[in-house]
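In what follows, a structure is listed as structure tokens, so that the remarks can point back to it.
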Amino acid sequence: MTKAKQGSNSMWGGRFASGPAAIMAEINASIGFDKRLYQQDIAGSKAHATMLAAQGIISKADAAAIARGLDQVKAEIASGTFSFSTALEDIHMNVESRLKQVIGEPAGRLHTARSRNDQVATDMRLYVRDVVDALDAALAGLMLALAEKAEAHHATIMPGFTHLQVAQPVTFGHHCLAYVEMIARDRGRLRDARARLNESPLGAAALAGTPYPIDRKVTARALGFARPMRNSLDAVASRDYVLEVLAACSICAVTLSRLAEEIVLWTTAQFRFVKLSDKFTTGSSIMPQKRNPDAAELVRAKPGRILGAFMALAVVMKGLPLTYSKDMQEDKEPAFDAFDALALAIAATTGMVRDLEPDAAAMRAAAMTGYSTATDLADWLVRTLKMPFREAHHVTGRIVALAESKGLRLDELALADLRSVEARISKDVFKVLSVEASVASRTSLGGTAPRNVKKAAVEWLKQLKDR
Ligand code: ARG
């Protein structure tokens with residue numbers, strides 16, 4: 001074996017007389033962050049070596065030595081005894097170099113019919129696939145926590161808002177299930193992205209394929225990919241799957257931020273809708289009375305960095321000619337940061353949902369403000385007096401104005417007051433003016449009637465527990 005010159009890279013230093021400038025090594029090295037791909041890298045190498053032996057490209061003995069050596073390297077990295085070298089640039093060369101120390105000459109045969117370009121593409125697809133699976137499981141846990149709250153509070157009344165103004169009474173369970181639905185779609189987007197990304201780039205080699213008689217279907221299957229990617233240029237050049245998962249993560253982070261914002265609002269002294277325990281609040285170093293919802297605020301903030309990661313990578317990829325360019329190494333840090341941030345946000349949200357206790361009395365009292373059953377009054381006029389809805393809307397508006405001038409709720413007005421606006425109103429109307437009657441009446445599909453909510457919560461719980 002020809003020796004690389006002193007200081008040049010032992011992996012590709014053949015034509016190099018000297019090593020890189022310090023600053024070149026610093027900007028070039030990715031080991032600081034791509035070491036987290038080690039399991040995927042080693043899985044890919046084992047699948048590749050096994051296939052090379054099966055195809056008669058390397059000997060069975062060499063493949064066995066490679067597999068054994070890779071297992072040892074993996075154990076060293078897992079236990080923290082592996083020493084990573086910046087001079088070896090990235091995870092691929094760190095692993096291969098250590099493999100050489102462990103098994104000697106056969107290590108040099110592992111890179112046959114392969115390039116770091118298809119290798120990193122394979123590693124990253126495997127990694128992103130694992131991330132999607134972990135996020136999916138975590139989101140299922142959050143849905144379960146929300147569905148359990150929903151079942152417990154299927155009849156707990158709170159004000160529903162539009163424009164953050166009290167609109168109509170709803171139940172807290174209904175509100176929780178709205179998030180269950182949104183998160184189910186967030187998971188659907190991740191799952192769709194997973195199905196599209198689950199193809200193997202391995203065997204595309206540097207960019208053009210390889211003259212060796214490799215079997216890409218075998219390595220694809222061994223790594224759990226649905227199939228090999230059809231075009232070698234696409235295989236090494238594409239990072240759209242990272243963007244797609246980051247887009248799905250961004251939308252999910254936006255969903256979580258809305259719930260987080262509601263928790264921030266609901267825990268204020270002005271709302272008092274829910275209470276978070278000491279586990280999910282912090283005190284102030286100066287104001288002894290404070291209980292701040294820091295976790296909710298941080299979840300509310302996460303879309304900043306997660307959307308930022310999408311933006312960062314989209315800008316990196318924009319206008320890049322095919323195929324691989326080192327620019328693409330910049331996919332990892334933002335993506336890893338975004339994935340970590342979302343995982344943490346999901347875990348914190350799940351913890352808060354489990355922790356929070358609704359204050360049913362405060363929520364009910366708030367639901368009774370703002371003439372929240374005015375629509376029920378209008379509907380009564382339509383149903384009982386056969387009034388056109390537009391006219392009923394107008395009459396109700398005048399009654400609301402009257403109640404406002406007297407400082408009373410609708411259900412506190414005297415029948416005579418109501419009749420001063422519309423003479424045909426009977427005392428029967430009071431039956432529809434309570435918040436309980438209001439929610440109970442909303443039995444249309446998807447409506448907030450406690451019976452609906454209970455049924456929907458039970459259905460979700462069954463579905464979430466079955467799988
Ligand atoms: N560290 C590189 C990356 O993350 C691996 C691929 C390097 N390939 C190359 N030809 N330099 O993209």
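Since the structure is predicted, the reported quantities are computational estimates derived from the model, not experimental observations. Atoms within each ligand, like the ligands themselves, are counted from 1 in listed order.
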Closest protein heavy atom to [atom], given as residue, atom name and distance to 0.1 Å:
atom: atom 10 (N) of ligand 1; result: Asn117 OD1, 3.0 Å
atom: atom 7 (C) of ligand 1; result: Tyr324 OH, 3.5 Å
atom: atom 1 (N) of ligand 1; result: Gln329 OE1, 2.7 Å
atom: atom 11 (N) of ligand 1; result: Arg116 NH2, 3.5 Å

Any donor-acceptor pair under 3.5 Å linking the side chain of [X] with the backbone of [Y]?
X: Arg216; Y: Leu202; result: yes
X: Ser325; Y: Asp327; result: no
X: His48; Y: Thr112; result: yes

Mind checking whether [X] and [Y] have side chains closer than 4.5 Å, heavy atoms only?
X: Tyr324; Y: Ser115; result: no
X: Arg129; Y: Phe225; result: yes
X: His153; Y: Thr171; result: no

- Task: Would you mind telling me if ligand 1 is within reach of the side chain of His92, the backbone, both or neither, using heavy atoms under 4.0 Å?
- Result: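 His92 to ligand 1: side-chain contact only, backbone stays beyond 4.0 Å.
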- Message: Once you restrict to heavy atoms under 4.0 Å, what part of Lys332 touches ligand 1? Side chain, backbone, both or neither.
- Response: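 Answer for Lys332: side chain.
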- Item | Atoms in ligand 1 with a heavy atom of Ser30 nearer than 4.0 Å |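 Checking each atom against Ser30, I get 1 (N).
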